Each structure stands twice: as structure tokens, then as C-alpha cells.
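All values below were derived from every heavy atom in this structure, side-chain atoms included, with hydrogens, water molecules and symmetry-related copies excluded. Predicted model only: the values in this text are computed from it and were never measured.
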Amino acid sequence: METIATELRQTWKDCTDRGLYETAKWATEQLNGIPESERCTNGANTFPSSNTAQDLEESDVYSMGMSYFHVREYRRCTETLKGCKGPRASFVRDYAQYMEGERKKREAMPLNRVDDRCALPVNMECEKLCNRLKARCEQMDLDPFGLYLYGVVLKALDFPEQARDVLCQAISRYPCLWCAWVELTPLCTSLEHAHSLPIPTDHLVYPFFEARLALQSNCYGSEARQAAELCMERFPLSVSALSVLANAHYEEGDYDKASDAFEELYKRDPNCREGRDNYSNILFCHEDQPALSCLAHDTVNLSRFSPEACIVVGNYENLRGESGKAVQAFERALRLDPKSLSAWILLGHEYVEGNNTAAAVRAYQRAIDLNPRDYRAWFGLGHASELMQMPRQALYSFLKASEIRPTDLRIRLALGRVYEDLDHTEDAIQCYEQCNPKEEEEVRRKLAQLYARAGRQDEAAHYHEMCIEDLDEPATPEDAESFLFLVQYHFQKGDLHEAEQLCSCLLHWEGPEREESLAVLRSLRQMRSHAHGASSSLPGSSVRRAR
């Protein structure tokens, strides 16, 4: 572990020198996640430095440019370092230019409602940066940090394949460059795809990347948990590893374990903002208003103008029944971070609740643009399309969600419902059969109705019997419907005794089913009367009675 600790220390220094603060923070969290007894704490650093002789010659002007970078005077930083040739100062100059473009992009964000039909602003500096970095890359003049920035620019310009190749080069040359792994994640279509890339899968960073990719893909819940557990095994004291584990439990649907992990995370580090949006979703689902109130209060005190605080507040306002305030909170989160996937999805949910389905559709589509592998956005889009009475569009969305989460009960139920609307009875039956009908009463009733509609009476009778197997008489109109169907089924099959017993179960029911069951009973009596009369007229019958 001493070698790992040394590498993490050097990563912190190199990234701090270049303004990559998120990666520097990540490196120190993993460094301090190693028990002190397993790492050398004397500050020894034998990991090769990425600074060159040219960097040392330009150290004074670099220091001034970096000072401007620290106070977010990005244009001033770019101009100060304009003539620098060393890789460190060159990276800071180019990165400052990129950050200036990001600042202008944020300023160009519309201040009105985020659901307006308008294109999102773009970083206008990316094209110029791309031309410069491409020329340097062809001359083999980019270090791992320069390759990372080139990959970011290519990704922003919508060149995903080239961006993926360049980011893989950066990672291969500097495996602890966490920001490059983060940018690579959405460029991978699956875990299998990631395994085939030329990146060091045996490095300490890879489990973090694997967990992040599995969480983003939304269809690898157990894989995300296993990768997160490996991270915790290597870095047992790391708050970021614990955050990954909590989010993995959340994605897997184990809300109890996720809640315990989040509570342990915020107990270790009360000032940690990571995962608070997901934790608030759990508390919202549990309808735990006091706990959600405390979480909202703590998060606002921690960072009032952070996207996480806005999302937590939005969930709290929704639970209080303040839908309008919830919409405002989620829109504020998106003005702070237009790439907040959770905020777009939750905003879509709020629009659906407020019957603003057109705005909900646009919110879900924005979420899909950010991550096409998020089943929640596809499911929400399908539900909104249903409300707009567009079953074919709803079917497409639910099928996309089903590809990501093939075993999700809600998605299968939604698919069955849409197939019903489209009169695709056999497809609806197939969907409902995959929804564990033994455990779900709603599914049993749907299957009974659909099999009856398809003329498959034996299968329909089977599910109607499952619906009433523990009942002596109907308790709901649906139960009465099942009893009546079975009365008619057994009557037509000639099982008159069973039909009569089922009719007796409906005698105390107040509804049209009682009258129909009485009609069947009268038919049964008439049939018996005719049978009795016929037997009396047989030859020798009077002799037998005389005996």
C-alpha cells in the first residue's frame, strides 16, 4: 500500500498544480482511506514528477497565471501564460481557456423556465482549442494532462470515438488521473465494452471506474455493488468509496442498506455533499418527512446554492404537497448545473403531477440526452406519453426502459398496459406472465382478463381461481367478477356441482353478479328437474318405486 500512497500523493500534487481540484480531492480521499499503519507517512515521494526543465524555467510566470486561475480570472490567466512552452503552464493556459468558455456558457443559460424549447448554449472556445491540441497531439507533444483536455474538448464537440481513444491514452500514461476516467465513463456503452478498452484494468482506480460505469448504465446493480465493495476493501476509511457503496445499494433497490450506508457516510463526514440527492429520494419513497426535513436543513446550511441542496429541498417540498415550490427548487438546481440528471428527471415527475405533460416530455428528453442509459428517464417519458394518449410513443419509451432494466416489475406492468391499449393481447399476456403473478394480485387479474379476451378459457379460469383461492365469498367487485367467471366456466364444462357451490358464494353479494348467479342456479334446478322427469318415464321405473 505504500506504493499506492506514494502514487496518490503525487497525483494530488500534479493535479493541484494544474487546477484539477476534483481529481486532487479524490486522490487525497483515497490516500486517507488507507489505514495509517499501512501507508508510509514520512512524506517520501518517489513517484516520477510530471514537471520538466521547461516548467521549472517558467515557474514565476506560471505562479502568476495560476494565481489568476485560483480567483477564476480565466481570460487573464490565458493571456499571462500565452508564451509558455512547458507542458504544465501550457495545460493551465489551455484549461483556463476552456473554463472561460464554460463560464460564458453558464452565463448564456436562459434565466426563464428551463423547459423552454431552446438549444442549450455551447462552449465557444472548444473549436479553437481542438485545432491547437490536435496539432500538438499529432506532434506527440501532449502529456497525459494535455491528452485529457483534448479528450474533453473532442467530447464537447461530439466526437465520441476520438475522445474515447484520446482519454484511453491519457489513462494508460497516468492511471490515477481520475478526471479522465470520469470523462470516459459516458463514452462506454457497457461493462463489456469497457473491459475491451486499452486501459489498466488491474490498477487501483479501475474498481471506482467500474462502479461508476455500472451505476450510470443502470442495469448492473450487483456489479456496481461488488466493485464498490472492492473499493471499500482497498480503502476502508475512504468517504468516496463509502459513497459509491451507498449509491450501489440504492441502484440495486436495497433501500435499507443504502440508507444505512448514507447515514454512516454523513456520520463520518457531516460536510459531504455526495449522494444527498439519492438519499433524499429514499426518504421521499419512505415518506419520512422528519428525516427529509433534517436532511434538507443540513444540506442548505452546508451549501445553499448547490444543485444537491436544491434537489433535497425539492423532494421535501413535494412531500409536503408544495408542488410549485418543488418545481422552483428543481429548476434552480438546473440553472446551477444544467447537466444534473436527477434534477431533470425529478422536474419531469413534478410536471407530470402538475398535468404539464408537454413540459415533462421535454424534461425527460433532456435527461435522455445526458444519459441514454437511464431507465428512469425513459420510463417517465413513456408515462408522460401515455397521459398524452400517444400509446405508440409510450411503447417505444417503455421498451427502451425494459432493455436497460429487463426485470423491473413497474416497466413490465407499463408495457403490458400499453399493449392492452394497442389491442396486442398476446404481447400483453407475455409481459404480465413475466411479472411474478403468484405474488402480484393485479397481475393475476390482468392475466385472467386477457386470457378470457383471447378465448383461452382454461388459462383464464386458472388465474381467476388464483385470485379467489383463499376467499369464501367476494370482498370486492373484482372478486365477484372472478367468482362469476368460474361459475360460467364450470357450468359450460358440465361441472354442475362446482358451479352450484360457486353460485352459493355470490348469494350475499349486492351487485349484478348475484343476479347472474341466481340465473345459473335456476338453470341448474331446471336441468335437474328435467333429468328427474326423464328418469321417471324410463321403462320399469314405476316397478322399482313400487318395490
Side-chain angles (χ1 to χ4, degrees), residues 1-56 58-59 62-63 65-67 69-70 86-92 95 142-149 151-152 167-184 199-212 227-228 230-245 265 268-269 271-274:
M1 295 300 286
E2 289 186 13
T3 303
I4 294 174
T6 300
E7 189 173 352
L8 289 169
R9 289 189 189 100
Q10 186 63 48
T11 300
W12 171 81
K13 183 179 187 309
D14 290 340
C15 291
T16 302
D17 288 348
R18 289 161 176 79
L20 298 172
Y21 301 123
E22 286 296 322
T23 300
K25 181 188 77 169
W26 178 88
T28 54
E29 285 178 346
Q30 308 331 310
L31 177 63
N32 288 276
I34 303 172
E36 190 171 339
S37 59
E38 299 181 21
R39 55 186 163 93
C40 179
T41 57
N42 59 10
N45 190 342
T46 58
F47 196 71
S49 173
S50 60
N51 295 333
T52 65
Q54 186 74 36
D55 289 327
L56 297 177
E58 299 168 348
S59 59
Y62 156 79
S63 299
M66 201 63 204
S67 298
F69 188 95
H70 285 317
R88 183 179 62 176
S90 297
F91 173 84
V92 173
Y95 190 45
L142 286 180
D143 67 356
F145 300 94
L147 287 169
Y148 154 72
L149 182 58
V152 171
L167 289 169
C168 286
Q169 293 179 45
I171 290 168
S172 297
R173 291 172 60 181
Y174 202 113
C176 269
L177 192 57
W178 175 240
C179 52
W181 294 91
V182 171
E183 294 293 336
L184 179 63
I199 51 179
T201 57
D202 58 343
H203 195 270
L204 67 96
V205 184
Y206 191 78
F208 287 93
F209 167 72
E210 192 174 31
R212 185 182 181 90
L230 181 57
C231 294
M232 285 296 297
E233 185 180 318
R234 293 181 175 178
F235 305 97
L237 304 178
S238 169
V239 292
S240 58
L242 182 56
S243 173
V244 171
L245 181 61
L265 172 63
R268 287 191 193 181
D269 187 358
N271 297 315
C272 177
R273 295 200 320 242
E274 294 176 8

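Evaluation of the salt bridge (charged side-chain N to carboxylate O under 4.0 Å, His left out) rule for E210 yields no partner, not counting sequence neighbours. Y62 meets the ring-ring contact (aromatic ring centres under 6.0 Å, His included) test with no other residue; sequence neighbours excluded.
Donor-acceptor pairing under 3.5 Å is lacking for the side chains of E29 and S238.
When all heavy atoms of A27 and L8 are compared, the closest pair comes out as CB-O, 3.8 Å. Here the closest non-hydrogen pair linking L204 and E7 is CD2-OE1, 4.4 Å. Nearest heavy-atom pair, A241 versus F235, reported as atom, atom and distance to 0.1 Å: CB-O, 4.1 Å. Of all heavy-atom pairs spanning S243 and E274, the tightest one is OG-OE1, 3.5 Å. Closest of all the heavy-atom pairs between L242 and M232 is N-SD, 3.4 Å. Residues D17 and M66 share a closest heavy-atom pair of O-SD, 3.5 Å.
Classified by interplanar angle (parallel below 30°, tilted 30° to 60°, perpendicular above 60°), the ring pair F91/Y148 is tilted. Ring planes of W26 and W178: parallel class, angle under 30° (limits at 30 and 60°).
In this structure, L177 and T11 have side chains that are not in contact, with every pair of non-hydrogen atoms separated by 4.5 Å or more. Using a 4.5 Å heavy-atom threshold, the side chains of H203 and C176 count as touching. Contact check for C15 versus K25: no side-chain heavy atoms found under the 4.5 Å cut-off. Using a 4.5 Å cut-off on side-chain heavy atoms (C-beta onward), L184 and I199 make contact.
In this structure, the separation between CZ on R88 and CG on D14 is 9.5 Å, given to the nearest 0.5 Å.
You'll find the ring centres of Y95 and F145 outside the 6.0 Å limit.
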Could you go through the side chain to side chain contact (heavy atoms under 4.5 Å, CB included) check for V239 and L265 one step at a time? CA-CA 6 Å; V239 292; L265 172 63; 3.9 Å; yes
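E58 places a side-chain N or O within donor-acceptor distance of the main-chain N or O of G86, the cut-off being under 3.5 Å. Judged by distance alone, with hydrogens and angles left aside, the side-chain atoms of W181 form no donor-acceptor pair with the main-chain N or O of L167 at under 3.5 Å.
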